[in-house]
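One structure is given below, encoded as structure tokens.
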Amino acid sequence: MPFMVVVCLILTACDKDDVLRGEPMVWSYEILTPDNVRFLKSTTEDSPTYFFETNGKGGDMIMTCENFDVLNPISGDSYVYDCGWATLKIDGNQVKFHFPPSTSNNVAYEEIQISANDGERKVYTLICLSRAINND
């Protein structure tokens, strides 16, 4: 009898893992300043990652989550994230990016995790931003 209980628990655990898998976040993006911001690549994992680069001359872009209507705050209760050389703002299902012009020749890199609720669990996307050396 105990053996049967263990087998049932194992089968239940496997089924539960399948049920808890959430739908990955699906994104589109619009680069409003294509001369200054560019898309590098993305991954197609359960938690996708998107890579963008700016040249330091300033720019803007918008990412829209196509399958979630509301995104969670980025950090704590804030819908705005400012790393000094990039500002992100959550607005419904969009993330709005602003890259102010920079005179710095320092390379910068930032990873920002965006999330949404999928029932009782959260789904995530990692956005990786880099600023190249400002070459006039």
Side-chain angles (χ1 to χ4, degrees):
M1 183 77 152
F3 174 73
M4 187 63 124
V5 171
V6 171
V7 169
C8 288
L9 289 173
I10 290 172
L11 292 175
T12 303
C14 292
D15 290 342
K16 187 175 182 180
D17 288 343
D18 291 339
V19 172
L20 288 179
R21 282 196 177 175
E23 179 180 358
M25 298 174 89
V26 176
W27 294 90
S28 63
Y29 63 89
E30 179 182 6
I31 296 175
L32 305 174
T33 53
D35 290 339
N36 299 340
V37 179
R38 69 183 178 126
F39 170 76
L40 298 176
K41 66 179 181 176
S42 64
T43 64
T44 57
E45 303 159 343
D46 285 340
S47 295
T49 303
Y50 285 79
F51 297 85
F52 295 92
E53 182 180 66
T54 179
N55 61 11
K57 295 179 183 176
D60 295 287
M61 70 177 214
I62 298 172
M63 288 184 71
T64 302
C65 186
E66 302 294 340
N67 58 338
F68 290 93
D69 294 331
V70 178
L71 303 175
N72 295 328
I74 296 173
S75 176
D77 289 332
S78 179
Y79 287 91
V80 176
Y81 179 81
D82 187 346
C83 67
W85 60 274
T87 304
L88 287 72
K89 180 181 177 187
I90 300 287
D91 186 8
N93 68 335
Q94 292 187 324
V95 183
K96 298 178 179 181
F97 299 79
H98 175 67
F99 304 98
S102 174
T103 58
S104 173
N105 284 327
N106 295 331
V107 174
Y109 181 80
E110 192 77 19
E111 293 182 353
I112 301 103
Q113 190 175 61
I114 305 295
S115 67
N117 291 337
D118 183 12
E120 293 184 12
R121 68 181 217 92
K122 286 186 179 179
V123 292
Y124 298 93
T125 293
L126 187 63
I127 300 172
C128 301
L129 304 174
S130 61
R131 183 184 67 202
I133 295 174
N134 188 2
N135 293 323
D136 291 325

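- Classification of the Phe52-Tyr29 ring pair by plane angle, with boundaries at 30° and 60°, yields perpendicular.
- Within a 6.0 Å sphere centred on CD of Glu120, other residues, nucleotides and ligands contribute 12 heavy atoms or fewer.
- The distance from the OG atom of Ser78 to the NZ atom of Lys89 is 10.5 Å, given to the nearest 0.5 Å.
- Here Phe51 sits in one hydrophobic cluster together with Leu40, Tyr109; the rule is ILVMFWY side chains under 4.5 Å apart, joined directly or through other members.
- In this structure, Arg131 contributes its side chain and Asn106 its backbone to a donor-acceptor pair below 3.5 Å.
- No path of Ile, Leu, Val, Met, Phe, Trp and Tyr side chains, each step under 4.5 Å between heavy atoms, connects Ile62 with Ile90, placing them in separate hydrophobic clusters.
- A donor-acceptor distance shorter than 3.5 angstrom exists from the side chain of Asn55 to the backbone of Lys57, with no hydrogens or angles considered.
- Leu126 and Met25 fall into different hydrophobic clusters, where Ile, Leu, Val, Met, Phe, Trp and Tyr are joined by side-chain heavy atoms under 4.5 Å apart, directly or via other members.
- The shortest side-chain heavy-atom distance between Val26 and Cys65 does not fall under the 4.5 Å cut-off.
- Residues Gln113 and Tyr124 come closest through the heavy atom pair CD-CD2, 3.3 Å.
- For the pair Ile74/Ile114, a side-chain contact is recorded, criterion being any heavy-atom separation below 4.5 Å from C-beta on.
- Residue pairs meeting the salt bridge (charged side-chain N to carboxylate O under 4.0 Å, His left out) criterion with at least one partner in residues 92-106, sequence neighbours excluded, are Asp91-Lys96.
- Not one N or O on the side chain of Ser102 forms a donor-acceptor pair closer than 3.5 Å with the backbone of Gly56.
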TODO: Test Ser115 against Asn72 for side chain to side chain donor-acceptor pair (under 3.5 Å), laying out the working first.
DONE: CA-CA 6 Å; Ser115 67; Asn72 295 328; 3.0 Å; yes

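- Using a 4.5 Å heavy-atom cutoff, the side chains of Phe99 and Val37 are in contact.
- The line from OG of Ser28 to CD of Gln94 is 8.0 Å long, rounded to the nearest 0.5 Å.
- Here the side chain of Asp118 pairs no donor or acceptor atom with the backbone of Val123 at under 3.5 angstrom.
- Of the options Asn67, Asn93, Thr125, a side-chain hydrogen bond (donor to acceptor under 3.5 Å, both in side chains) to Trp27 is made by Thr125 and by none of the others.
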- [ ] Apply side-chain contact (heavy atoms from CB on, under 4.5 Å) to Leu88 and Val80, showing your working.
- [x] CA-CA 6 Å; Leu88 287 72; Val80 176; over 6 Å; no

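- Side-chain atoms of Asp46 do not come within 3.5 Å of backbone N or O of Pro24 as any donor-acceptor pair.
- Within the 3.5 Å criterion, the main-chain N or O of Asp82 finds no donor-acceptor partner in the side chain of Thr87.
- Every pair passing salt bridge (charged side-chain N to carboxylate O under 4.0 Å, His left out) that includes a residue from residues 24-40 is listed here, sequence neighbours excluded: Arg38-Glu53.
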- [ ] Start with the C-alpha distance between Trp85 and Leu129, add both sets of side-chain angles, then the distance that settles side-chain contact (heavy atoms from CB on, under 4.5 Å), and finish with yes or no.
- [x] CA-CA 10 Å; Trp85 60 274; Leu129 304 174; 3.7 Å; yes

Open item on the list: side-chain contact (heavy atoms from CB on, under 4.5 Å), that's the test. Do Thr33 and Met61 meet it? Break it down for me.
Closed with: CA-CA 7 Å; Thr33 53; Met61 70 177 214; over 6 Å; no

